[in-house]
Number of protein chains: 2
Amino acid sequence: MTEALTSTRDRLVLNAARLFQQRGYHGVGLAEILAESGAPKGSLYHHFPNGKADLALAAADWAGGEMQRIMADAFEHAASFDDGATTLCFKLAKLFDLSGHRDGCPVSSTLFEGAANDAFRDRAAEIFAGWIGTVTTHGVRFGLSPDAAEMMAERLFMGLEGAWVLARAQKTAEPLRRLPRLLGHMPGA
Amino acid sequence: MTEALTSTRDRLVLNAARLFQQRGYHGVGLAEILAESGAPKGSLYHHFPNGKADLALAAADWAGGEMQRIMADAFEHAASFDDGATTLCFKLAKLFDLSGHRDGCPVSSTLFEGAANDAFRDRAAEIFAGWIGTVTTHGVRFGLSPDAAEMMAERLFMGLEGAWVLARAQKTAEPLRRLPRLLGHMPGA
DNA sequence: TCCCCTCTAGACCATTTGGTCTAGTCCTGT
DNA sequence: ACAGGACTAGACCAAATGGTCTAGAGGGGA
């Protein structure tokens with residue numbers, strides 16, 4: 001599919017991230033990732049000596065970074081914390097619509113299946129901490145105390161992950177759109 | 001493992017529910033479920049003609065019912081909606097501790113991996129609706145308007161699912177214990 | 001006793017899984 | 001020109017996957 005505009009490594013990471021997000025770590029075989037990336041096995045094991053596990057970590061890192069950028073962007077241009085949170089929810093709802101109402105949280109989809117795989121969960125915790133940290137920073141910027149900002153950030157994170165779960169089950173982004181109101185971030189309407 | 005105190009069918013459902021909850025639908029092979037249940041393949045395909053998919057639906061149904069009972073129980077003996085919500089979060093935190101900080105939401109772990117499997121997601125939506133409906137009913141019982149009760153129930157659901165995700169990543173039940181305060185269900189402390 | 005139906009038992013199968021390995025291409029520095 | 005590393009290419013492999021099929025155990029009713 002995706003052709004040589006990007007490096008082989010990047011294509012592998014990108015496609016892996018997308019597929020894992022849709023169907024989970026064990027739900028996608030290397031064969032499919034390789035085919036979509038137009039890469040042979042040799043390339044995979046050259047760039048990722050530990051194979052699928054390495055690739056999943058890289059994919060989660062990449063997707064986690066993208067998400068963090070989306071979060072930062074939503075709050076960057078906001079007039080208040082409530083405004084930023086609302087914008088973020090609506091942005092993610094839009095993305096969920098564009099994905100055909102299929103994709104889950106890229107990190108939990110990718111990293112929550114490896115049996116007793118501590119490395120995966122540790123990495124997930126790191127990525128989540130990055131997200132929550134970003135939102136916390138903006139909370140402080142908007143005048144919240146560090147503690148209050150962290151609480152608000154964590155609450156928003158939990159709400160988003162939960163709304164995402166419900167959205168996948170119901171095949172509609174409405175739960176994500178309802179979230180700002182449920183959390184009191186949308187006084188009006 | 002689990003021996004003949006229960007019927008073969010029940011043992012299959014129970015073990016499947018447990019294993020899927022830990023490692024997801026694709027993360028567990030039939031061989032393991034069969035071994036843990038002490039049952040041969042023939043029995044599986046006798047009780048579940050469509051094999052793994054049927055078993056997963058039955059497992060999700062069973063686990064969903066258990067969860068609904070836990071929810072009903074938490075609110076049944078509560079003095080207020082806030083009290084019920086707090087009790088529920090603490091109960092689930094306790095269960096998460098007992099699981100060795102491994103298990104995710106039984107329904108999303110089991111039913112969110114089947115490629116474009118609409119049947120799985122529809123079933124998940126039904127089970128989630130049951131949970132939210134149960135909490136909504138209790139909200140009304142505590143004097144909330146039907147609309148307000150449903151909002152509170154949905155908000156609690158999202159919070160729980162999200163807290164569960166964070167709890168898995170951090171390998172601690174603390175996010176679940178923090179949730180009542182984050183949602184304003186715990187005025188004191 | 002004999003039949004029938006439910007359920008157990010597990011051998012067997014094609015396919016797919018993640019992973020290894022050898023060969024070869026291509027580009028870069030000297 | 002040529003040496004050497006980075007990368008591509010895909011044949012190959014053992015193990016595991018979900019699923020099918022035949023055989024038979026066990027028990028209740030006629």
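Chain letters run A, B, ... following the sequence lines, proteins first and then strands; every chain starts at 1. Just so it is clear, the values below take in all heavy atoms, side chains as well, and ignore hydrogens, waters and symmetry mates.
- Other residues, nucleotides and ligands place more than 12 heavy atoms under 6.0 Å from the CG atom of A/Asp97.
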(message) One pair to check against salt bridge (charged side-chain N to carboxylate O under 4.0 Å, His left out): B/Arg23 and B/Glu32. What are the steps and the verdict?
(response) CA-CA 12 Å; B/Arg23 307 211 298 278; B/Glu32 189 176 358; 2.4 Å; yes
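- Atom CD of A/Gln170 sits in a crowded spot, with more than 12 heavy atoms from other residues, nucleotides or ligands closer than 6.0 Å.
- Between B/Arg9 atom CZ and C/dT6 atom P the separation is 15 Å, expressed in whole Å.
- Between the OH atom of A/Tyr25 and the P atom of C/dT17 there is a distance of 13 Å, rounded to whole Å.
- The ring-ring contact (aromatic ring centres under 6.0 Å, His included) pairs that include a residue from residues 52-82 of chain A are A/Phe75-A/Phe81, A/Phe75-A/His138, A/Phe81-A/His185, where partners are two or more places apart or lie in different chains.
- If you walk DNA chain D from 5' to 3' and mark each nucleotide with an atom closer than 4.0 Å to a heavy atom of chain A, the marks span D/dA6 to D/dG10.
- Judged as a salt bridge (Lys or Arg N to Asp or Glu O under 4.0 Å), and not counting sequence neighbours, the contacts of B/Glu174 are B/Arg177.
- Phosphate proximity of C/dC7 to B/Thr8: absent, as no side-chain N or O sits under 4.0 Å from OP1 or OP2.
- In terms of position on DNA chain C, the residue among A/Glu32 and A/Gly42 whose nearest nucleotide sits closer to the 5' end is A/Glu32.
- Straight-line distance from the CG atom of B/Leu44 to the P atom of C/dT6: 18 Å, rounded to whole Å.
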Listed pairs under 3.5 Å, donor-acceptor, residues 42-54 of chain A side chains, sequence neighbours left out:
{"unit_1": "A/Lys52", "atom_1": "NZ", "unit_2": "A/Tyr25", "atom_2": "O", "d": "2.9"}
{"unit_1": "A/Lys52", "atom_1": "NZ", "unit_2": "A/Val28", "atom_2": "O", "d": "2.9"}
{"unit_1": "A/Asp54", "atom_1": "OD2", "unit_2": "A/Asn50", "atom_2": "N", "d": "3.2"}

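- Sorted by residue number, the members of residues 45-58 of chain A with any non-hydrogen atom under 4.0 Å from DNA chain C read A/Tyr45, A/Gly51, A/Lys52.
- The closest side-chain heavy-atom distance from A/Leu111 to A/Leu57 is below 4.5 Å.
- Taking B/Asp122 as the reference, A/Lys171 meet the salt bridge (Lys or Arg N to Asp or Glu O under 4.0 Å) condition, with sequence neighbours excluded.
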